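Nothing here was measured: the structure is a model prediction, and the numbers come from that model. Chain letters run A, B, ... following the sequence lines, proteins first, then strands; residues in each count from 1.
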Amino acid sequence: MRFEILVRLIVPDPWSFTVLDTLRRKFGLTEIEEATRFRTWLLSLDTPRESSAKAIIDRLLGETALLANPNRDMWFVRSPHEMIPDSFWRRSISGSEVFVIRVIDIDDIIGRARQEVVRQRLGITEIKSITFSTLWMLEIAGDSKRARRIAEEVAVARRWRKGLLANPHSQKALVGSLDEYLEGLLDERAQA
Amino acid sequence: MIDLGREPEKTRNLLGQLGIALSVDEAYRLRELLGRNPTLTELHIFDTMWSEHCSYRSSRKVLKRYLPMEGSRVILGPGEDAGVVRLGEFEGKRYVLVVAHESHNHPSQILPVEGAATGIGGIVRDVYCMGADVIGVMDALRFGDPFGPMAESVKEIIEGVVNGIWQYSNALGVPNVGGDVFFDSGYDENCLVNVIAIGLAQEDEIIRSRVPDEARIEPYDFIIIGKPTDLSGLGGARLASRILDSEKRESIGAVQLHDPFLKRVLVEAIRKLLAEVRSSGITIGFKDLGAGGISCAVSEMAASGGFGADVDLDSVHVAIGGMEAYAIACSETQERFCLAVPSSFSDEVLKIFNEEFELPHIYRGARASIIGRVRSDPKLTMRYKNDIVVDLPVKLVTEAIECDRQATPRKRQEPETLDSRGIDIREAALGLLSSISICSKHYIFRHYDCEVKGMAVLRPGEADACVVAIPGTPVGIASSVDGNPRISKIDPYLGGALAVVESVSNVACVGAQPLAITDCLNFGNPEDPYVMNDFIEAVRGIGDAARALKAQGCDEALPVVSGNVSFYNESASGKAIPPSPVVACYGVIDDYSVAQSLTFKEPGSEILLLGRGQGGLGGSAFLAWLGKPNSGELPVLDLEGRRRAINTVIQIVRLGHALACHDVSDGGLFISLAEMAIGAWGYGNLGVSVKLDGEAGESILNLLFAENGGFLIECRSKSLPEIERICRSTGTTSLWIGKTIPDSVLEVSWHGGNLVLDLTDVRAAWQGALQEAIK
Amino acid sequence: MKRSVAIIQFPGVNCEYETARAASEAGLEARIVRWNSDPQLLRGFDGYILPGGFSYEDRVRAGAIAACDDIVDVIRQEANKGKPVVGICNGAQVLVESGLVPSRDPGSVELALAPNRGMGRLGYYCDWVFVKVSCEPERCVITYDLDPGEILPIPIAHAQGRFTSSIPGLFDKLEDAAQIVLKYCTPDGDVPGGFPEDPNGSEHFAAAICNPEGNVVALMPHPERSAWLRQVPADLKGKWSQRRRELRGKWQELEGKGPGMGVFRSMRAYIEASLS
């Protein structure tokens with residue numbers, strides 16, 4: 001059973017601002033109107049029922065600050081195909097195209113370290129894997145084809161000012177439209 | 001205006017609804033002082049200014065009564081953002097040290113990374129705003145027991161706090177120059193994060209946190225620089241004055257996010273600003289924004305210069321629309337400073353921050369804004385959306401309030417008798433080496449950048465104190481921070497006094513002359529008479545030790561030049577932390593090249609034990625390891641003996657006689673010897689062979705593990721006569737105990753027994769234990 | 001005439017002052033230049049140093065945002081004329097992220113400086129390590145004044161210092177072309193046995209990599225933190241620490257040249273050679 005915990009700051013995120021400022025001012029991509037960063041945890045659990053899986057996740061989030069801290073973060077636990085409630089995130093520019101870029105470190109030291117803590121320290125054996133990723137939501141003006149091209153261009157750093165969010169030598173980037181993301185978790189698609 | 005009414009019960013409810021923590025009596029007192037009902041903004045201002053955190057209402061009298069705060073080297077004692085001490089004149093420049101010392105305990109318990117990071121962020125601001133450059137930070141950490149019932153959250157907090165410290169200070173580019181860490185179940189629900197910033201400046205560069213006299217002659221503006229004001233800081237000072245809620249969430253308003261990146265850019269912009277200020281010969285006032293935000297900073301700057309202020313809250317750059325006046329006036333948003341500059345210079349200030357250093361592109365909404373004017377009469381007014389929201393005599397805001405707290409001595413427990421039968425010395429020695437109190441702390445401090453700025457001479461772990469050199473001069477600055485809760489929880493007076501002795505001894509080990517100390521006093525709820533008594537005792541201990549530890553040929557006490565009191569370190573269940581006085585000492589060496597690492601340097605050199613103190617194993621790491629912390633006699637406090645030993649060691653090191661020097665503290669004589677053999681990087685391969693005699697009838701456990709002070713010195717044979725002569729002249733005992741040897745073994749023999757340990761085993765026990773314990 | 005270098009001050013770097021001090025000590029005219037300065041001003045320098053720190057707080061990735069600044073394009077143009085560019089730590093990360101190093105395919109991003117591996121925990125690591133000069137002196141701007149095989153104690157301080165690439169065989173090619181100019185080693189100069197001698201798991205133990213021309217170098221350790229003998233710890237192994245121990249009580253000698261000063265003297269020698 002797979003879940004994704006989307007975590008965002010309860011206060012404005014300086015990273016999102018820096019990325020937006022860089023893409024708009026330095027790359028000249030003024031079509032990008034908003035950037036939002038989520039830290040996400042992709043969890044794979046081995047439990048008989050969804051409810052027991054959710055109970056384990058709730059315990060992790062409620063009793064520890066390993067994945068998120070209520071004093072700093074808000075989060076949403078999402079199963080594949082589940083919508084994101086407006087109360088958690090919604091597009092700020094109406095009419096914009098939303099593209100999602102997931103960046104995962106190939107080594108994923110953070111995810112593996114958390115998994116070890118969960119297993120060794122907390123003794124939770126049902127969690128089979130934890131992957132950490134940074135999920136960017138870009139709101140891009142214009143038609144969807146051009147928006148996709150922009151999203152794909154900024155996803156992977158290939159040359160100077162061509163690409164930013166992932167370095168292909170140490171990271172993977174997965175790009176999809178919001179709908180494509182909402183249909184799954186955007187974790188098994190091959191990179192375009 | 002808020003009509004407070006006349007019925008206490010109704011007033012209490014009203015205050016509660018408004019989120020004001022003032023008591024009903026305090027609110028009525030405010031109304032009486034004003035001669036009218038307060039506005040909402042005024043209520044919030046006094047809510048902060050009268051909090052324990054800002055007003056020192058419980059502690060002020062005690063501190064004044066017991067602590068020496070003056071001296072011929074003190075330029076600025078407690079009162080402003082940081083203390084200023086004269087270092088000396090080198091290469092034609094008059095240098096001063098600027099030091100500040102604070103706690104960030106409660107926020108670190110709630111949000112470890114951000115809490116610890118903003119702790120560093122706040123303390124460096126205190127030093128930068130005096131016009132100094134920060135050349136080092138230290139951190140004294142007290143965590144819960146990683147093997148105890150709350151191990152899980154304790155480990156999370158340790159990881160978070162260490163991450164917060166490195167993420168902030170490494171990114172800001174201030175080197176770590178020392179710190180210490182203790183683990184005790186008394187901190188399970190309240191960790192302590194005490195932070196220290198050390199700044200260097202030339203004497204004529206010091207900027208005061210007040211509106212300068214020149215504002216009588218020409219108009220002056222107030223300018224706020226940095227982050228846009230937001231809601232995130234509301235209630236921070238009050239948080240520090242309240243017991244932690246078990247739910248943690250309730251304190252959400254006090255959470256601050258750190259931004260060392262913005263701070264780093266601000267620091268460079270400030271450097272540019274100050275250069276222009278100096279070259280154009282104008283005078284400014286400069287203060288950081290901490291608890292109480294704009295209202296506190298502006299009124300303190302105005303009041304201490306004898307001025308008033310008109311503040312236009314509409315001009316403050318804010319992060320969100322629709323903020324209420326009190327929120328803008330009192331928010332504690334991080335990374336902001338307040339300037340008072342001649343109006344003719346204001347445009348230049350805006351240009352430096354907003355254009356040259358592009359603040360608006362560094363952080364969304366960050367900039368410099370003119371927010372008000374200095375007025376010549378001592379009144380504070382604030383306007384917002386065509387309303388006057390504050391109209392007060394400015395002194396009313398800054399005037400101290402005090403309250404007398406009851407103090408009742410605790411009944412002292414008689415120490416249990418220690419049954420030492422069956423203790424295997426070898427097992428104890430290796431066990432103690434791998435215990436979390438004693439084992440290497442590399443695991444923590446290798447996270448910290450101790451090299452940035454390129455001034456390092458001795459780094460954390462290399463010697464008892466860290467040393468940095470002023471570039472281009474032979475002058476070294478030494479620092480150390482200490483405070484042993486194992487002692488202070490048994491005897492707060494002794495704990496306070498020994499915190500001073502230990503920090504001063506550490507600075508002496510590198511040959512530095514101690515110049516000043518700062519303190520941070522961490523306690524439970526001062527409304528509890530026992531806690532209040534602990535507090536008074538600890539302060540009395542610090543004061544007595546500071547007065548006793550005079551420099552050679554000098555009749556001045558060691559001045560306490562800055563500090564902080566942190567009360568209410570208590571969990572919702574009423575469990576208070578152990579009394580925790582923490583003391584930092586700062587010293588100067590004319591020639592840093594005499595300062596040596598604590599590692600043995602040469603085979604065949606002599607080992608001396610100087611100025612050994614008296615007393616038993618009480619409060620020792622050994623008894624903690626043994627699980628019998630309540631047994632044993634405490635070390636005897638002989639301040640005159642300690643003074644002599646300290647001054648003797650300074651003299652010996654300065655004359656170049658010491659190849660290595662280390663004091664006898666945590667873990668006792670055995671551990672000190674072992675640390676000198678293992679070496680700072682664990683590369684040490686020289687062994688040692690010593691013979692211990694001790695007092696008549698003294699047990700070997702006492703000889704090896706008692707933490708009763710003294711210094712170990714490694715020297716060449718030819719230095720012996722001179723060292724003997726110095727010791728005789730100062731009346732310090734000097735005991736030859738053995739020699740270093742080329743074989744990698746630790747040999748200790750005593751009447752009736754001996755202990756031989758392979759250095760490989762010693763190193764293995766000491767090196768990896770911390771990582772194992774907290775991972 | 002003194003040769004000049006610009007020390008580039010990206011927002012968030014923090015080693016610019018001691019780097020300028022070390023460059024001056026090596027006989028260069030060093031000036032700190034802000035990231036948004038006039039390109040014309042920048043073009044007047046004989047060389048460039050990108051100092052350590054946390055440009056843009058390592059947001060997105062260390063060096064990634066600074067690599068997109070206009071000033072990097074100016075530096076690239078000047079580097080293409082043959083002027084030397086040395087990136088130290090965060091500066092190295094900027095050079096890698098902007099495709100200036102290793103420049104097998106000029107302008108393309110061929111490497112990453114990935115999170116450290118092998119230390120058994122996450123995050124930042126600050127310690128002294130040993131590096132060995134693994135090329136001929138004339139190979140690149142930082143080795144001109146160093147001997148092949150010379151062993152230098154030097155501090156590292158980073159969380160992301162592991163040179164790696166997804167391009168198959170790239171490191172063998174870099175090795176063959178002598179573009180890996182400094183390698184982590186044991187105090188005796190041997191291949192590291194593991195952490196902490198190999199502090200981050202860098203491929204081929206690379207500590208510094210240059211472009212094919214040798215005028216641009218990405219260097220992870222901090223030479224400005226071992227530029228003076230005073231900075232070298234007495235308790236490390238090797239001759240530099242031995243020397244430090246011998247100079248107890250002699251501060252003027254301790255203010256003399258440390259192992260890292262060779263990097264700055266090399267840069268000066270390189271500039272003088274290329275301009276003569």
Do B:L257 and A:L9 have side chains that approach each other closer than 4.5 Å (heavy atoms only, starting at C-beta)?
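They are in contact (side-chain heavy atoms under 4.5 Å apart), so the answer is yes.
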For the residue pair B:F261 and A:P14, establish whether any side-chain heavy-atom pair is separated by less than 4.5 Å.
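A side-chain contact is absent here, since even the closest heavy-atom pair is not under 4.5 Å.
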Taking atom [atom1] of [X] and atom [atom2] of [Y], what is their separation to the nearest 0.5 Å?
X      : Y      : atom1 : atom2 : result
B:K775 : A:R121 : NZ    : CZ    : 10.5 Å
A:N71  : B:E114 : CG    : CD    : 9.0 Å
A:E63  : B:E152 : CD    : CD    : 9.5 Å
A:L20  : B:R364 : CG    : CZ    : 6.5 Å
A:R72  : B:I110 : CZ    : CD1   : 13.0 Å

Please report the shortest heavy-atom distance between A:F17 and B:Y363, naming the atom on each side.
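Taking A:F17 first and B:Y363 second, the nearest heavy atoms are CE2-C, 3.5 Å.
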Checking B:I362 against chain A: side chain, backbone, both or neither under 4.5 Å from a heavy atom?
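The backbone, not the side chain.
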Under a 4.5 Å heavy-atom cut-off, does chain A meet the side chain of B:P360, its backbone, both or neither?
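Contact with chain A: backbone only.
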Would you say B:E156's side chain and A:A65's backbone share a donor-acceptor pair under 3.5 angstrom?
yes
With a 4.5 angstrom heavy-atom cut-off, which part of A:L66 approaches chain B: side chain, backbone, both or neither?
both
State plainly whether the residues B:E358 and A:R25 are in salt-bridge range, i.e. N to O under 4.0 Å.
yes
Salt-bridge criterion met for A:R114 and B:E159 (N-O under 4.0 Å)
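Here A:R114 pairs with B:E159 in a salt bridge, since their nearest N and O are under 4.0 Å apart.
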